[in-house]
Protein chains: 2
Amino acid sequence: MMSSASSAEQLRDRLRSRGLRWTPQRRTLLVVLEAAQGHVTGAELVERCRAIDPATTPSTVYRTLDVLEDLGIVQHGHGADGREEFHVRPEQEHGHLHCAACGGTWEIDEREATTIVNSFREERGFEVDLSHVTVVGLCRECSSAGNQQPGSSA
Amino acid sequence: MMSSASSAEQLRDRLRSRGLRWTPQRRTLLVVLEAAQGHVTGAELVERCRAIDPATTPSTVYRTLDVLEDLGIVQHGHGADGREEFHVRPEQEHGHLHCAACGGTWEIDEREATTIVNSFREERGFEVDLSHVTVVGLCRECSSAGNQQPGSSA
DNA sequence: GGCCTTGTTGCAACCCGTGGCAATAAAGTA
DNA sequence: TACTTTATTGCCACGGGTTGCAACAAGGCC
């Protein structure tokens with residue numbers, strides 16, 4: 001009860017200290033984000049904001065998300081279909097695995113990604129942003145069931 | 001000179017043998033694809049088709065691309081911004097590395113991807129579709145220059 | 001050649017997301 | 001409190017991409 005009030009206050013203060021502003025629209029989005037778990041698409045967030053305040057405008061939501069990403073409160077990536085996907089208050093950076101056949105998704109945590117991250121760092125000097133990674137393919141069940149990627153071959 | 005004619009004929013026959021049709025619109029797209037190198041976005045392909053036939057419609061192009069993907073003639077993935085990107089007649093499956101700071105992109109070939117592909121296969125039984133992978137992060141130059149991802153922190 | 005089946009096209013409407021711009025309203029200051 | 005600055009909003013129009021649907025036409029068949 002107190003924690004949610006203080007989380008709003010915390011955000012408000014962080015915004016103000018940067019010369020940014022605390023507005024009703026941002027408050028709404030924060031409420032939505034606090035209720036959200038895991039991954040949400042931008043469109044879903046807009047919809048949920050509209051449930052609270054029907055006057056919500058998409059552009060405002062997306063612009064606020066940009067701000068919140070600067071503050072590290074959300075991170076965005078792109079799902080298998082290229083749509084934006086937001087991770088709420090990521091406790092740990094993680095990527096995603098997406099099965100093209102059944103549509104399932106799994107998280108790739110830092111431990112599992114170590115090999116990948118290190119190999120790019122060593123071979124290329126490239127620093128991977130894990131939160132932005134979505135690996136598409138076939139999960140165990142689907143690949144052993146001989147499923148194809150949808151639309152593959154006839 | 002003969003090869004391009006025969007490539008059209010080959011495609012035409014493959015389409016017909018599946019009960020699909022060889023149309024002027026598909027011919028146009030094939031011409032465009034043959035002239036294209038490497039990666040092209042969907043919008044670029046539409047534009048190039050329009051250069052040949054101004055009556056070209058986006059939906060037709062995208063639908064034809066779907067068909068060609070079934071035939072393995074193109075493969076699509078999503079760039080760092082989530083937009084569609086097509087690889088023309090991929091000689092080798094490959095993924096992409098994209099630097100968030102300078103915008104550069106590099107290919108990840110099968111050799112380099114072996115570790116990744118194998119580790120997902122062994123740990124998860126997951127078959128990675130390399131052509132669909134785009135890894136975002138910072139390249140050697142940008143990360144050593146201390147560049148940030150655009151829009152990161154203030 | 002004409003006919004028929006059905007794959008394709010083009011249109012129109014839609015979805016997700018972005019960007020310019022004028023009007024609004026936070027919030028620091030007096 | 002009133003004033004001022006300027007970050008933010010809402011609106012509108014756009015760009016990329018998808019989809020339902022009626023009209024069209026490829027191409028197999030006689």
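A note on names: the letters A, B, ... follow the listed sequences, proteins ahead of strands, and every chain is numbered from 1. What you see is a predicted model; the values in this text were computed from it and never measured.
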Residues in salt bridge (charged side-chain N to carboxylate O under 4.0 Å, His left out) contact with [X], at least two apart in sequence or another chain:
X         : value
Arg63(A)  : none
Glu110(A) : none
Arg121(A) : Glu127(A)

Practice item. Please state whether the rings of Trp106(A) and Phe126(B) are parallel, tilted or perpendicular, taking 30° and 60° as the class boundaries. Key: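 Perpendicular.
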Exercise for review: Would you mind reporting whether Ile116(B) and Val135(A) have side-chain heavy atoms less than 4.5 Å apart?
Suggested key: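 Of all side-chain heavy-atom pairs linking Ile116(B) with Val135(A), none is under 4.5 Å.
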To the nearest angstrom, how far is [X] atom [atom1] from [N] atom [atom2]?
X        : N       : atom1 : atom2 : result
Arg18(A) : dT8(D)  : CZ    : P     : 11 Å
Leu65(A) : dT9(D)  : CG    : P     : 11 Å
Leu11(B) : dT8(C)  : CG    : P     : 11 Å
Arg26(B) : dG27(D) : CZ    : C1'   : 13 Å

Review point. Is any side-chain N or O of Gln25(B) closer than 4.0 Å to OP1 or OP2 of dA25(D)?
Key: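 No, outside the criterion.
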Check your understanding: Where is the tightest heavy-atom contact between Thr134(A) and Ala80(A), given as atom of each residue plus distance?
Key ->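 Between these two residues, the closest heavy atoms are CG2-N, 4.1 Å.
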Check your understanding: Tell me the salt bridge (Lys or Arg N to Asp or Glu O under 4.0 Å) pairs involving residues 38-56 of chain A, sequence neighbours left out?
Key ->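 Applying salt bridge (Lys or Arg N to Asp or Glu O under 4.0 Å) to every pair that reaches into residues 38-56 of chain A, excluding sequence neighbours, yields nothing.
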Check your understanding: Base, backbone or nothing for each nucleotide of nucleotides 25-30 of chain C, written B, S, -, heavy atoms under 4.0 angstrom, 5' to 3'?
Key -> BBSS--
Exercise for review: Scan nucleotides 11-23 of chain C nucleotide by nucleotide, 5' to 3', and note B when protein non-hydrogen atoms come under 4.0 Å of the base, S if they reach only the sugar-phosphate, - if neither.
Suggested key: B----SSBBB---
**Study point:** Sole candidate of Glu107(B), Glu141(B), Glu112(B) that passes salt bridge (charged side-chain N to carboxylate O under 4.0 Å, His left out) when paired with Arg124(A)
**Key:**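 Only match with Arg124(A) under salt bridge (charged side-chain N to carboxylate O under 4.0 Å, His left out): Glu112(B).
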